[in-house]
Amino acid sequence: MKAVLVVKDFNPQTGEPGEVDCLEVPTPEPVKDDDVLIKVAYASICGSDPNVLKGLFPDRAPCPIGHEMAGTIADLGPRAKELGWWVGDRITGNFFQSCGACEYCHDNMGQFCPEAVGKVGTQAEYIVWSASQLYRLPDSVDLLTGTLSEPFNIALHAIETADMKLGARVAISGGGGIGLMLVQLARLAGASEVTIFEPVQSKRELALALGADHAVDPVGGDAIAETAEITGGRGFNAVLEASGNPKAAETAIKIADKQGHIVYFAMYPKEYELPVNLYQHCYHNELRIQGMFLGQYSFARSVAMLPRVNLKPLIEKIYPLEECKQAYADQMSGKYVKLVFDCLA
């Protein structure tokens, strides 16, 4: 089968990024009783995937890549059948599989499971995952939309983590795929106003088309001054930082209202430390600053919400697997929202 693999690692001496290529590899087969062979229809590129090429993950070439997908079941083990899965089922899934038995898993913190396995490799014609990782797509959701289920789950969990109230003024920092999903989810969650901060004009325009009330260029404009104008001098009740940019991370604190809730869930440079004035921000303004890692317990609800949102406009290009080099170059340019592989092409 065809699969996208990392074929060259990041060079720490020169700073040269790694490379991907489309290669012929053996088709995987179900081995365990609960294994499921999935014929991948579409696999999208996550904003974190290029970080593998930047050496921020332990993966080393040659290795598979990708964790966002939708497809159909091609084969399955006997235990998977007992659990109600059938050949032909239209599915998506959560790549992050926790053990279910450790203290973290028992305490509903499976995202910290020390035995967890991140099953990557979705940018391929076939993958094998456990039945416990799979979710049926609603009948009204096609496979192309379904491939965005995993990032949509992150967006949904970020909204829940922000604990926003009805009528809240919400700011979204970053107009990538998850940021634009947040625009729609904030509306559904009852925000009175949604403002997006994004330097790329086409992404700002798409945010407005998807329901944002305001779209601010934080690079070409003055984010602090525009926040004051939009909020009547107060700030935002909830700020969701989805860009992973250190400057944006610092701005997030400055645009929050008193008792504002700021959620950081993007990947930042490992050495970056956020400057926080505890007297001003936490004591005087009572800000709540919270991190978020994955969304292990919201996936079923996020899949159920897919019919309520419009994710198709986020997909700007679709590539065959053989064009993976161009796809990753486009992803790393920052110009596009979501890029997808057609794994059936």
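Nothing fancy with the numbering, it's 1 onward along the sequence. Since we're looking at a predicted model, the values are computed, not measured.
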Applying salt bridge (Lys or Arg N to Asp or Glu O under 4.0 Å), name anything that partners [X], two or more places apart in sequence or on another chain.
X	result
D34	none
E226	none
E229	none
K317	D330

In plain terms, say whether D9 and K54 are close enough for a salt bridge, that is, a side-chain N and a carboxylate O under 4.0 Å apart.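 Looking at D9 and K54, the cut-off is not met.
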Ion pair present between E125 and K39, side-chain N to carboxylate O less than 4.0 angstrom?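 K39 and E125: not salt-bridged.
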Heavy-atom donor-acceptor pair, [X] side chain to [Y] backbone, under 3.5 Å:
X	Y	result
Q280	N277	no
Y297	G110	yes
T122	G66	yes
W129	V36	no
D213	V194	yes
Q290	V263	no
E241	S243	yes
D342	Y42	no

Tell me whether [Y] is reachable from [X] by hopping between hydrophobic residues (I, L, V, M, F, W, Y) whose side-chain heavy atoms are closer than 4.5 Å.
X	Y	answer
V303	I315	yes
F341	I91	no
I45	I318	no
L144	L344	no
M69	L76	yes

Might you point out which heavy atoms bring [X] and [Y] nearest each other, and give the distance in Å?
X	Y	result
V219	P199	CG2-CB, 3.8 Å
A70	L137	CB-CD1, 4.3 Å
S149	S302	O-OG, 4.3 Å
S298	N153	OG-OD1, 2.6 Å
A158	F265	CB-CE2, 3.7 Å
A223	T251	CB-CG2, 4.0 Å

Set of residues satisfying side-chain hydrogen bond (donor to acceptor under 3.5 Å, both in side chains) with respect to N94, sequence neighbours excluded: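 For N94 the side-chain hydrogen bond (donor to acceptor under 3.5 Å, both in side chains) partners, ignoring immediate neighbours, are Q296.
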If you look only at pairs with a residue in [range], which of them pass as a salt bridge (Lys or Arg N to Asp or Glu O under 4.0 Å), with sequence neighbours excluded?
range	result
residues 253-273	R169-D257, R234-D257
residues 191-208	R204-D217
residues 73-83	R79-E82
residues 88-99	D89-R136

When you compare the side chain of [Y] with that of [X], does any pair of heavy atoms fall below 4.5 Å?
X	Y	answer
M109	E103	no
K325	C22	no
V120	P64	yes
V183	L208	no
L5	V25	yes
P151	C46	no
T195	I172	no
I73	L37	no

Going by side-chain hydrogen bond (donor to acceptor under 3.5 Å, both in side chains), K338 matches just one of E316, E68, Q331. Which one?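 Only match with K338 under side-chain hydrogen bond (donor to acceptor under 3.5 Å, both in side chains): E68.
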From CA spacing to verdict: side-chain contact (heavy atoms from CB on, under 4.5 Å), M164, H261: CA-CA 8 Å; M164 56 172 284; H261 198 161; over 6 Å; no
Before giving the answer on side-chain hydrogen bond (donor to acceptor under 3.5 Å, both in side chains), spell out for D49 and Q123 the whole-Å C-alpha distance, their side-chain angles and the decisive distance to 0.1 Å. CA-CA 11 Å; D49 286 343; Q123 293 164 17; 3.3 Å; yes
Step by step, work out the side-chain contact (heavy atoms from CB on, under 4.5 Å) result for L206 and Q201. CA-CA 9 Å; L206 183 52; Q201 182 178 347; over 6 Å; no
Connecting only ILVMFWY residues whose side-chain heavy atoms lie within less than 4.5 Å of each other, what is the rest of L287's hydrophobic cluster?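 Besides L287, the hydrophobic cluster comprises F197, V216, I224, I230, F236, V239, I253, I255, I262, Y264, Y268, Y272, L274, V276, L278, I289, listed by chain and residue number.
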My understanding is that only residues two or more places apart in sequence, or in another chain, count here; which of them pass ring pair (Phe, Tyr, Trp, His ring centres under 6.0 Å) with F299?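 Counting only residues at least two positions away or on another chain, F299 forms a ring pair (Phe, Tyr, Trp, His ring centres under 6.0 Å) with Y135.
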Show me the donor-acceptor pairs within less than 3.5 Å that the side chains of residues 305-314 make with the rest of the protein, sequence neighbours left out.
unit_1: K312; atom_1: NZ; unit_2: D142; atom_2: OD2; d: 2.6

How long is the gap from OG1 on T92 to CG on L148, to the nearest 0.5 Å?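 If we round to the nearest 0.5 Å, T92:OG1 and L148:CG are 9.0 Å apart.
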